Student: 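Below you will find the structure I want to go over with you.
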Amino acid sequence: MARAGLTTERLVRAAAELADEVGFDQVTVSALARRFGVKVASLYSHLKNSQELRTRIALLALEELADRAADALAGRAGKDALTALANVYRDYAREHPGRYTAARLPLDPETAAASAGVRQARMTRALLRGYDLAEPDQTHAVRLLGSVFHGYVSLEAAGGFSHSAPDSEESWARVLDALDSLLRTWPAPGAGHPHP
C-alpha cells in the first residue's frame, strides 16, 4: 500500500533536488527512501526501479528547460534569441547541476519522442530560421549550438575557465558573438574543404 502523502510527482521532484545536491549519478531509489525516512519497498508502488526514477528526472529537467526556453525566446529573433537560448542552458546548469546532467540522459526513442526535448529542438530550429538556414544545414547548426552550449557550460562548471583572464563572462559573450557571425555567414557545403 502506498504511503500517505507520497506521490510519484513528489518523489521525482525530491529526487531532482537530491540530484542537484549530490549529483545525478548518486540518485537511486534507496537514496530517495533515505531522504523520506521510509523503507525502499514503500517507494516501489510509485517507481519500478532507479532507472525509471532517473528517466523521470530527465523528463522533468527537459520540461523545465523547454519552459524556460519558451519564456526566454518569446518575441526575440536573431542574436537576441540566440543569446537568450544560450543563457537558458547556462543559467539552468548553474542553478540545477544535477538536473542539467539528467537532461543529457540517453532515452529510448519512444520516450525521447514524447519528451519536451522535441519542443526544445523545435524552438532551436525556429531560432535558426531567422538566420535563413535550410536543411541539412539547420540540423548541422542545431548540433553545433548544442555542442558549444554544453561544452562551455560543462567546462565552466568544472572550473576550467577560472584560472586565467579574461573572465568567463567576457569569453561567453565573445563565443555568442562568434556563433551569431557564423550563423549569419554559414558556409556553403564543401566550402573550404579541398576534394581529393
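Sequential numbering from 1 along the given sequence is applied to the chain's residues. Just so we're clear, the structure is a prediction, and the values are computed from it rather than from any experiment.
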Student: Taking the side chain as every heavy atom from C-beta outward, state whether Leu105 and Gln51 have any atom pair closer than 4.5 Å.
Tutor: yes

Student: How far does CG of Asp177 sit from OG of Ser171, to the nearest 0.5 angstrom?
Tutor: 11.5 Å

Student: Does some side-chain heavy atom of Tyr131 sit less than 4.5 Å from a side-chain heavy atom of Leu82?
Tutor: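 Of all side-chain heavy-atom pairs linking Tyr131 with Leu82, at least one is under 4.5 Å.
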
Student: Please name all residues satisfying salt bridge (Lys or Arg N to Asp or Glu O under 4.0 Å) with Arg125, sequence neighbours left out, ordered by chain then number.
Tutor: Glu135

Student: So for atom CZ, which belongs to Arg174, do other residues, nucleotides or ligands contribute more than 12 heavy atoms lying within a distance under 6.0 Å?
Tutor: no

Student: So, are Asp132 and Arg184 salt-bridged, with charged N and O less than 4.0 Å apart?
Tutor: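 Not counted as a salt bridge, because no side-chain N and carboxylate O are separated by less than 4.0 Å.
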
Student: Please test Arg35 against Glu21 for salt bridge (Lys or Arg N to Asp or Glu O under 4.0 Å), starting from the C-alpha separation and ending with a verdict.
Tutor: CA-CA 12 Å; Arg35 188 174 190 100; Glu21 293 167 18; 2.9 Å; yes

Student: Looking at Glu95 and Arg68, is there a salt bridge between them, counting it only when a charged N and a carboxylate O are closer than 4.0 Å?
Tutor: yes

Student: Taking a hydrophobic cluster as the set of Ile, Leu, Val, Met, Phe, Trp and Tyr residues connected by side-chain heavy atoms closer than 4.5 Å, whether directly or through intermediates, do Leu62 and Tyr89 fall within one such cluster?
Tutor: no

Student: Which pair of non-hydrogen atoms, one from Ala31 and one from Thr28, has the smallest distance, and what is that distance?
Tutor: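 Taking Ala31 first and Thr28 second, the nearest heavy atoms are N-OG1, 2.9 Å.
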
Student: Taking the side chain from Asp180 and the backbone from Gly78, do they hold a donor-acceptor pair closer than 3.5 Å?
Tutor: no

Student: Judged by atom type as modelled, is there a donor-acceptor pair below 3.5 Å linking the side chain of His46 to the main-chain atoms of Leu11?
Tutor: no

Student: Taking Gly151's backbone N and O only, do any of them form a donor-acceptor pair with Ser154's side chain (distance below 3.5 Å, no angle check)?
Tutor: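 A pair under 3.5 Å: no.
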
Student: For Asp20 versus His96, what's the shortest heavy-atom pair and its separation?
Tutor: OD2-ND1, 2.8 Å

Student: Taking it one step at a time, do Tyr152 and Phe161 satisfy ring-ring contact (aromatic ring centres under 6.0 Å, His included)?
Tutor: CA-CA 9 Å; Tyr152 196 97; Phe161 305 138; 4.7 Å; yes

Student: Counting only heavy atoms not in Glu169 (residues, nucleotides, ligands), do more than 12 fall under 6.0 Å from its CD?
Tutor: yes

Student: Is it the case that one hydrophobic cluster holds both Leu65 and Val27, taking links as side-chain heavy atoms less than 4.5 Å apart, direct or via other members?
Tutor: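 No, Leu65 and Val27 fall in different hydrophobic clusters.
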
Student: Taking Ser181 for the side chain and Ala178 for the main chain, is one N or O donor matched with an acceptor at less than 3.5 Å?
Tutor: no

Student: Has Ser50 got a side-chain atom pairing as donor or acceptor with Val29's backbone, closer than 3.5 angstrom?
Tutor: yes

Student: Measure from the side-chain N and O atoms of Thr83 to the backbone N and O of Asp80, and report whether any donor-acceptor pair falls under 3.5 Å.
Tutor: no

Student: Closest approach of Leu32 and Ala15, non-hydrogen atoms and distance?
Tutor: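 For Leu32 versus Ala15, the nearest heavy atoms are CD1-N, 3.8 Å.
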
Student: Between atom CG of Asp137 and atom CG of Leu128, what is the distance when rounded to the nearest 0.5 Å?
Tutor: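 So the gap between those two atoms works out to 10.5 Å.
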
Student: I'd like to know if the side chain of Arg76 and the backbone of Leu85 have a donor-acceptor N/O pair within less than 3.5 Å.
Tutor: no

Student: For the pair Glu63 and Arg99, find out whether any cationic side-chain nitrogen is under 4.0 Å from an anionic carboxylate oxygen.
Tutor: no

Student: Closer than 3.5 angstrom, by distance alone: can the side chain of Glu52 be matched with the main-chain N or O of Leu47 as a donor-acceptor pair?
Tutor: no

Student: Would you call Arg13-Glu64 a salt bridge at under 4.0 Å N-O?
Tutor: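 Looking at Glu64 together with Arg13, the answer is yes, because their closest N to O distance falls below 4.0 Å.
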
Student: Side chains of Val12 and Thr7: closer than 4.5 Å at any heavy-atom pair?
Tutor: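 When only atoms from C-beta onward are counted, Thr7 and Val12 do not touch, as no gap falls below 4.5 Å.
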
Student: Does the Thr124 side chain pair with the main chain of Gln120, one donor and one acceptor, at a distance under 3.5 Å?
Tutor: yes

Student: Cationic tip of Arg104 within the cone over Tyr100's six-membered ring, i.e. under 6.0 Å and within 45° of the normal?
Tutor: yes

Student: Indicate, with yes or no, if Leu107 and Val118 share a hydrophobic cluster defined by side-chain heavy-atom contacts under 4.5 Å among Ile, Leu, Val, Met, Phe, Trp and Tyr.
Tutor: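 Val118 and Leu107: separate clusters.
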
Student: Could you tell me which non-hydrogen atom of Ala66 sits nearest to which non-hydrogen atom of Arg119, and how far apart they are?
Tutor: CB-NH2, 3.4 Å

Student: Answer yes if Ile57 and Tyr92 sit in the same cluster of Ile, Leu, Val, Met, Phe, Trp and Tyr residues linked by side chain heavy atoms under 4.5 Å apart, and no otherwise.
Tutor: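 No, no single cluster joins them.
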
